[in-house]
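Pasting a structure here, questions to come.
Whatever order the structure lists ligands and atoms in, that order sets their numbers, starting from 1. The structure presented is a predicted model; accordingly, all values stated were derived computationally and were not measured.
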Amino acid sequence: MFDKTKRIVVVTGGSRGIGRAICIALAGSDTHVYFSYATSRESADKTEKLISDAGGTATTACVDVASEAAVKTFFDSIIQETGRIDVLVNNAGITRDGLIAMMKEKDWDEVIDTNLKGAFHCTRAVAKTMIKQRYGRIINISSVVGVIGNPGQANYVASKAGIIGLTKAVAKELAPRGITVNAVAPGYVETDMTASLPEKAKAAMLDQIPLGRAGTPQDVAAVVGFLASEQASYITGQVIHVSGGMFI
Ligand code: NAP
């Protein structure tokens, strides 16, 4: 039987990188973390072990956030099991970089469908439950480039700017029901997503960071942890930059 006194947290894309750090930051003896991944079961198992090491419990599922049906099945099963969802972190994201003149429609669609439509699917899936609870925390992972732009990433930048619009609209809509909705905009964070960037691009990015270093997944997770906490109950519709000052 599921322990119904536990706080229920859902993190999309928790198998690696920033999502994994968020899962660990939100884990604890009074919390159960559900997290999804797309392909990498081995990485998901590692996250599950790290959550357990942090004193928490977790359930993982392979869910493509771009699929309306898969997302519905995932959230229906959580709600059936627990009866509530306290925190949703829309973190799953991908890049398919390319210059606009050459960008393939497939690359545009995959990025928008995963990063933006995926957040829509998951937010819609928790909305009714959070409204009934008159409580919820939704935290969307955007990016500094969604605010300042970046050449070669029109699809990604559009998805991350869209996330900011989604955050603001849903924040206004759900505020009367006691639900806060905020975005976190990381800068350059060392994860698998950025590992394949050419050294020249990494150096150029570091040059733009006033604090002089790349971010860590833990830098981002700490802010997500705060936004999910009771101390953040009077903050909604905001974009919190965690970028070492890339955007000031
Ligand atoms: P990452 O290391 O590449 O990890 C991406 C995560 O998303 C993985 O868990 C992956 O699952 C999951 N995922 C990918 N496609 C998915 C899908 N269709 N459905 C469900 N899950 C999916 O990326 P990251 O750097 O941690 O990025 C996490 C978030 O932060 C993204 O939204 C990204 O845009 C944002 N961000 C990152 C940076 C940065 O510098 N790294 C900067 C700003 C914003 P699998 O393991 O199964 O592939």
- Query: Between His32 and Thr82, is any side-chain donor less than 3.5 angstrom from a side-chain acceptor?
  - Reply: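 Per modelled atom types, His32 and Thr82 side chains form no pair under 3.5 Å.
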- Could you tell me whether Glu48 and Arg41 have a side-chain N and a carboxylate O separated by less than 4.0 Å? yes
- Task: Taking atom types as modelled, find out whether Asp219 and Thr216 have a side-chain donor-acceptor pair closer than 3.5 angstrom.
- Result: yes
- Pair Asp45 + Lys49, salt bridge at N-O below 4.0 Å: no
- Item | Residue pairs involving residues 116-136 (criterion salt bridge (Lys or Arg N to Asp or Glu O under 4.0 Å); sequence neighbours excluded) | Glu68-Arg124
Could you list each nitrogen or oxygen of ligand 1 that sits under 3.5 Å from a protein nitrogen or oxygen, with the atom names and the distance?
residue  : atom   : partner : partner atom : Å
ligand 1 : 9 (O)  : Gly13   : O            : 3.2
ligand 1 : 9 (O)  : Ser15   : N            : 3.4
ligand 1 : 9 (O)  : Ser15   : OG           : 2.7
ligand 1 : 11 (O) : Ser15   : OG           : 3.3
ligand 1 : 11 (O) : Ala38   : N            : 3.4
ligand 1 : 18 (N) : Asp64   : OD1          : 2.9
ligand 1 : 19 (N) : Val63   : O            : 3.3
ligand 1 : 19 (N) : Val65   : N            : 3.0
ligand 1 : 25 (O) : Thr191  : OG1          : 2.5
ligand 1 : 26 (O) : Ile18   : N            : 2.8
ligand 1 : 32 (O) : Asn91   : O            : 2.7
ligand 1 : 32 (O) : Lys160  : NZ           : 2.8
ligand 1 : 34 (O) : Tyr156  : OH           : 2.5
ligand 1 : 34 (O) : Lys160  : NZ           : 3.0
ligand 1 : 36 (N) : Tyr156  : OH           : 3.4
ligand 1 : 40 (O) : Gly187  : O            : 3.4
ligand 1 : 40 (O) : Val189  : N            : 2.8
ligand 1 : 40 (O) : Val189  : O            : 3.2
ligand 1 : 41 (N) : Val189  : O            : 3.2
ligand 1 : 41 (N) : Thr191  : OG1          : 3.2
ligand 1 : 46 (O) : Ser15   : OG           : 2.6
ligand 1 : 46 (O) : Arg16   : NE           : 2.7
ligand 1 : 46 (O) : Arg16   : NH2          : 3.4
ligand 1 : 47 (O) : Ala38   : N            : 2.8
ligand 1 : 47 (O) : Thr39   : N            : 2.6
ligand 1 : 47 (O) : Thr39   : OG1          : 3.4
ligand 1 : 47 (O) : Ser40   : N            : 2.8
ligand 1 : 48 (O) : Arg16   : NH2          : 2.8
ligand 1 : 48 (O) : Thr39   : OG1          : 3.4

- Around Lys168, counting heavy atoms of other residues, nucleotides and ligands shown, do more than 12 lie under 6.0 Å from its NZ?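 For Lys168, atom NZ is not crowded (no more than 12 foreign heavy atoms under 6.0 Å).
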